[in-house]
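Beneath this line is the structure, given in structure tokens, with notes to follow.
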Amino acid sequence: MSRTPTIAAVSPVLRRAFEDIRNHGKRDVKTVLETFLMLCLPDEKRATKPENLLQRCLEAVLPICNQEDSRLRSNLKKYTSITSDETKRYEPFVSAFNHALEDLKEVECDLLRPPSELNIMFHRNNPKRIIGTDGGEPLCKPDMILAPFDTVRAALFKDPGNRTWKGFASRTAGECPKNNFGWGGVLCSQEFGKEIKEIKSTLRESYKADDPCRRIDPQSLLNSVEEQDEDEDGVSLTEEAEESQRQASTEDPTLDSGRFEVPSPRGLTRLVAAPGSAPSSLLVQQQLYPSAALMVGGSSLGKRKRGAKSRLSRKRRNCENAKKHIPAMLRSASNAAEKMSRAFWVTHIINLVIVDDVVHVWYYDNEDSVQSFGINFIDDLPYFLVLLLAFQRFSLQNWGVMKELQEVKIPAVSRVASPKEETISLRFGSPESSTPELRFNLSRNNLKALGYYRLRGRCTQMLKTTSSSKDPRDKTKNLEGVEMVSKLYWPEESRISEVDALERARKVGETNEYIKGHLPDLIYTHDFDQYSTKYIRELFGIETGGGKRVLRWIAFRKLCPITNLVGDKFWRAFWECFRCHLHLWREGIRHYDISVSNLMYDEVHGRGILNDFDLAQLRGPPQSGTERTGTMPFMALELLKGHGRVRRQYRHDAESFAWVLLWICCSYKYGKEVHPRPLQALIQNNFQDTYEQKLVRVVSLDDLTPTASYSAEYYDVAASLVHAYFTRRVAAAKPKPRHSNNFKIEENKVEPDSPESEHDELADIDTELRIWRKELEDLGFHVDI
């Protein structure tokens with residue numbers, strides 16, 4: 001009997017992928033194919049779209065579609081006859097379309113470039129996981145991949161010898177690989193879904209170029225799950241999730257203490273929608289994916305008591321069976337998120353989602369994702385072959401690999417596993433230009449993504465960098481021996497650039513001692529305008545609004561985290577950052593992203609540094625950006641709850657400083673982050689969940705303990721300030737902390753300001769400073785702020 005799924009803890013990667021693709025764009029098959037064909041035109045023909053481009057390519061592939069007794073047709077017949085497990089469909093699909101790729105090499109189309117030297121082929125990947133270039137734990141295992149021949153050959157054999165493309169494509173490509181592929185060698189991943197037992201589509205005796213492509217609407221995420229309640233052993237997957245929720249709830253008694261009435265956190269207790277109400281995005285996720293918690297990376301396999309081996313093995317099987325409950329389109333998105341987060345040279349990703357006899361093309365980049373209408377590769381075979389015709393002529397840049405890094409032969413495609421430690425030298429611009437030559441290596445330790453796996457957003461990554469070139473700011477100086485860090489990220493083009501904000505701040509700092517010397521030292525910057533997300537959307541015919549993004553590379557002098565400091569040195573650096581931020585705000589420069597990682601320390605000069613101005617804005621009308629800016633665990637409660645309608649004021653950044661101080665005191669010990677992190681629950685995927693978790697944490701501040709690196713007095717300052725901001729948002733009793741006798745239990749009746757109310761800026765700053773001084777003085781601190 002079918003049951004309504006209860007809420008389970010969902011894999012973080014899948015939750016984020018869900019959030020990132022839920023509002024994706026949609027484009028018809030003709031538009032997508034014509035866009036990809038335009039990318040295959042020689043440079044001299046790309047200025048104007050050739051007449052009847054798609055029609056002429058359809059005519060070119062017809063002989064392959066209509067060839068009798070071809071291996072393409074025989075394998076497609078085999079594919080449609082399979083009614084059992086979807087994995088049985090892999091081999092005939094791979095074989096059919098690898099033979100098609102072989103035939104497409106001979107297709108003459110004078111409009112397009114010849115096939116690329118990549119020599120692509122389909123290859124089965126399931127059940128192997130894809131290895132990340134950064135050496136991180138692999139999470140994804142696509143059903144199939146499209147990869148260059150050299151990648152496939154290197155992955156399967158240490159000594160590939162003289163093995164040919166044809167031998168691999170026709171014999172071994174449909175089998176499970178012996179070794180793991182790496183994201184550096186995967187051009188496109190494919191995820192399969194099976195919704196019908198028997199495929200009714202049949203091959204036509206003769207296809208024609210003017211046959212219309214049947215309209216198949218894009219997949220809907222909400223309709224793409226066929227719920228299954230039990231695995232083959234009759235064990236309810238939903239019951240497994242419920243059990244893990246009960247265990248998690250008992251392990252964290254603060255969540256059920258009744259001390260504060262907020263909606264229950266995700267994955268810990270049930271969430272029930274009111275009768276007749278529309279489910280929230282949170283509830284939708286948990287109803288759609290009741291078994292996702294059983295996947296590797298989910299939280300339900302975390303802390304379990306030892307039991308019988310049979311029970312444990314059944315739960316391990318459930319991890320694999322849980323895949324049946326995850327839509328192919330969501331698995332594809334998580335594949336793209338992992339690849340994008342583990343290879344800084346990736347500008348976009350193209351994947352295929354194949355459900356029975358229909359394929360949907362997905363295009364992902366840092367602005368958003370786009371899904372095509374479906375192509376039935378049986379009924380409308382010529383259209384799918386035109387797609388493969390384009391893929392076969394794609395360059396590495398068309399596949400999303402930066403051209404600049406191809407020229408220095410970065411091992412983004414030729415290697416399968418993580419690259420060895422080798423140094424890459426890179427100069428943007430001509431050799432005669434004054435730009436410095438930057439050097440970095442591709443070791444695992446130098447390829448770490450910051451933050452979480454995401455498809456949309458800035459996706460910041462950092463690289464340790466060196467150079468022996470002249471300093472571009474002063475030709476009399478050399479960069480030899482200067483430790484640098486390169487920051488690569490995708491900011492919105494409509495925002496003021498970090499470079500401009502820093503230049504403005506530096507000019508102000510020339511006459512302000514609280515700013516001068518407390519800003520990052522920017523050495524070199526370069527924008528890759530050619531990779532702007534606006535260009536593909538112009539071809540797709542999609543309005544980008546203010547959300548288009550550009551890849552930016554900035555080289556800074558290396559700083560160390562403020563969390564490396566303890567005692568008086570930490571305390572002094574923290575307040576130097578606080579004062580720098582305050583005086584910048586008074587001068588009209590708003591930082592808007594106070595977080596642990598943005599408070600740094602200059603070891604050379606012994607100063608606190610306010611870092612990372614990529615979300616900064618200047619006084620005046622808000623710049624057009626589509627982000628509610630900030631790092632969510634440290635954002636002010638009012639902003640998290642404000643749905644983007646709250647006018648940013650100084651008090652919001654000041655509150656972020658309080659949350660940062662609390663996080664550091666509880667989570668860092670001698671420069672290392674402690675595990676488990678006491679405030680881990682604040683790391684959520686959306687503003688509402690973060691808001692709820694922060695409310696839960698505020699009422700249990702007395703359960704936190706500072707680490708040995710930070711005195712109880714520092715913690716008391718943080719706890720007092722956090723609770724002061726809390727009582728401004730919600731009237732509540734102020735608890736007495738354990739580490740000080742200077743607190744007073746009192747009721748704060750301050751009501752939160754209306755988002756629409758006018759508030760004098762200077763008065764707002766003075767109000768915040770009075771609050772900070774009072775809390776500090778009550779605890780016996782006298783700090784000049």
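Here, residue 1 is the first one in the sequence, and each next residue gets the next number. These numbers were taken from a predicted model, which means no experiment stands behind them.
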message: I'd like to check R677 versus I683 (side-chain heavy atoms, cut-off strictly below 4.5 Å). Are they in contact?
response: yes
Salt bridge (Lys or Arg N to Asp or Glu O under 4.0 Å) between K534 and E367, intermediate numbers included: CA-CA 9 Å; K534 68 182 179 183; E367 181 176 339; over 6 Å; no
- prompt: Crowded around E673 CD? As in, over 12 foreign heavy atoms under 6.0 Å?
  reply: yes
message: Could you go through D500 and R504, starting from their C-alpha distance and side-chain angles, then the distance that decides it, and tell me whether this counts as side-chain contact (heavy atoms from CB on, under 4.5 Å)?
response: CA-CA 6 Å; D500 293 341; R504 171 79 175 269; over 6 Å; no
message: Taking R697's backbone N and O only, do any of them form a donor-acceptor pair with S700's side chain (distance below 3.5 Å, no angle check)?
response: yes
- request: Nearest 0.5 Å please: distance from the OH atom of Y715 over to the SG atom of C665.
  value: 9.0 Å
- request: Check whether any side-chain heavy atom of S711 sits under 4.5 Å from a side-chain heavy atom of P706, and report yes or no.
  value: no
- request: Could you check whether the rings of W772 and F657 sit parallel, tilted or perpendicular, using 30° and 60° as the cut-offs?
  value: perpendicular
task: With the side chain counted from C-beta on, respond yes when S667 and T707 share a heavy-atom pair under 4.5 Å apart, and no when they do not.
output: no
message: Whether K694 engages the ring of W659 as a cation-pi pair (distance to the six-membered ring centre under 6.0 angstrom, angle to the ring normal within 45°) should be assessed.
response: yes
query: When you check the gap from the basic side-chain N to the acidic O, do E19 and R22 get nearer than 4.0 Å?
result: yes
- request: Give the intermediate values and the outcome of side chain to side chain donor-acceptor pair (under 3.5 Å) for residues S720 and D778.
  value: CA-CA 10 Å; S720 176; D778 284 349; over 6 Å; no
Tabulate below the donor-acceptor pairs under 3.5 Å that side-chain atoms of residues 556-573 make, not counting sequence neighbours, or state none.
residue : atom : partner : partner atom : Å
R557    : NE   : D521    : OD2          : 2.9
R557    : NH2  : D521    : OD2          : 3.4

Heavy-atom closest contact (I771 atom, A724 atom, distance): CG2-CB, 4.4 Å
- prompt: Below 4.5 Å, heavy atoms only, C-beta onward: do L701 and H723 meet side chain to side chain?
  reply: yes
field: Set of ring-ring contact (aromatic ring centres under 6.0 Å, His included) partners for W585, sequence neighbours left out
entry: H581, Y592, Y650
query: Which atom pair, heavy atoms only, marks the closest approach of P472 to I523?
result: CG-O, 3.3 Å
task: Please name the pair of heavy atoms, one in L610 and one in P520, separated by the smallest distance, quoted to 0.1 Å.
output: O-CD, 3.2 Å
- prompt: Where do L438 and S486 come nearest, in terms of heavy atoms and distance?
  reply: CD1-OG, 4.4 Å
Selection residues 482-509 - residue pairs positive for ring pair (Phe, Tyr, Trp, His ring centres under 6.0 Å), sequence neighbours left out: none
field: Partners passing salt bridge (charged side-chain N to carboxylate O under 4.0 Å, His left out) against D365 (at least two apart in sequence or in another chain)
entry: R537
query: side chain to side chain donor-acceptor pair (under 3.5 Å) between E768 and Y725: does it pass, once the steps are laid out?
result: CA-CA 10 Å; E768 295 308 301; Y725 283 105; 2.7 Å; yes
message: In the structure I gave you, are the side-chain heavy atoms of V717 and F781 within less than 4.5 Å of one another anywhere?
response: yes
- request: Give the C-alpha distance, both sets of side-chain angles, the deciding distance and a yes or no for side-chain contact (heavy atoms from CB on, under 4.5 Å) between E483 and T466.
  value: CA-CA 6 Å; E483 289 188 278; T466 60; over 6 Å; no
message: Taking D602 first and then R607, would you say they form a salt bridge - that is, a charged N and a carboxylate O separated by under 4.0 Å?
response: no
message: Quick check for you: to the nearest 0.5 Å, what is the distance between I515 atom CD1 and H583 atom NE2?
response: 7.0 Å
query: Do E493 and S532 meet the criterion of a side-chain donor-acceptor pair at a distance under 3.5 Å?
result: yes
message: Could you work out, with ring-ring contact (aromatic ring centres under 6.0 Å, His included) as the rule, every residue matching H518, not counting sequence neighbours?
response: none
- prompt: Which distance, rounded to the nearest 0.5 Å, do you find between the CG of L519 and the CG of L584?
  reply: 6.0 Å
Check against salt bridge (Lys or Arg N to Asp or Glu O under 4.0 Å), D614 and R458: CA-CA 9 Å; D614 59 350; R458 290 170 289 161; 3.1 Å; yes
field: Ring center gap for W575 and Y714 short of 6.0 angstrom
entry: no
query: Less than 6.0 Å separating the ring centroids of H591 and F613?
result: yes
message: As an exercise, state the distance from CG of N598 to CG of L615, rounded to the nearest 0.5 Å.
response: 8.5 Å
- request: Kindly determine whether R495 and E492 satisfy salt bridge (Lys or Arg N to Asp or Glu O under 4.0 Å), including the steps that lead there.
  value: CA-CA 6 Å; R495 291 190 176 278; E492 290 182 339; 3.5 Å; yes
Heavy-atom pair with the smallest gap, counting every atom of D20 and S369: O-OG, 4.1 Å
For the student: nearest non-hydrogen atoms of C577 and L599, plus distance: CB-CD2, 3.9 Å
message: For the NE2 atom of H526 and the CD1 atom of I554, what is their distance to the nearest 0.5 Å?
response: 12.0 Å
- prompt: Can you check whether Y668 and W663 have ring centres sitting under 6.0 Å from each other?
  reply: no
task: Give the C-alpha distance, both sets of side-chain angles, the deciding distance and a yes or no for side chain to side chain donor-acceptor pair (under 3.5 Å) between T525 and W553.
output: CA-CA 6 Å; T525 181; W553 186 306; over 6 Å; no
task: Could you tell me whether the side chain of R549 and the main chain of R456 form a donor-acceptor pair under 3.5 Å?
output: no
field: Distance, nearest 0.5 Å, that separates NZ of K641 from CE of M635
entry: 13.5 Å
field: Pairwise side-chain contact, M340 with H348, heavy-atom cut-off 4.5 Å (strictly under)
entry: no
field: Test side-chain contact (heavy atoms from CB on, under 4.5 Å) applied to D612 and K487, step by step
entry: CA-CA 10 Å; D612 198 351; K487 174 182 176 181; 2.7 Å; yes
field: Distance-only donor-acceptor check, side chains N366 and T533, under 3.5 Å
entry: no
task: Evaluate the criterion side-chain contact (heavy atoms from CB on, under 4.5 Å) for residue pair F634 and I594; output intermediate values, then yes/no.
output: CA-CA 7 Å; F634 311 108; I594 301 302; over 6 Å; no
Sidechain-backbone polar pair: E576 side chain, G608 backbone, donor-acceptor under 3.5 Å: yes
query: Between the side chain of E655 and the main-chain N/O of L637, is any donor-acceptor distance below 3.5 Å?
result: yes
query: With distance as the sole test, does D593 use its side chain to make a donor-acceptor pair with the main-chain N or O of T631 at under 3.5 Å?
result: yes
task: Please name all residues satisfying salt bridge (charged side-chain N to carboxylate O under 4.0 Å, His left out) with R552, sequence neighbours left out, ordered by chain then number.
output: D527
field: Intermediate values then yes/no, salt bridge (Lys or Arg N to Asp or Glu O under 4.0 Å), D653 and R648
entry: CA-CA 9 Å; D653 273 19; R648 293 294 290 256; 3.4 Å; yes
message: I want to check something: taking the side chain as every heavy atom from C-beta on, are L582 and R586 in contact at a cut-off of under 4.5 Å?
response: yes
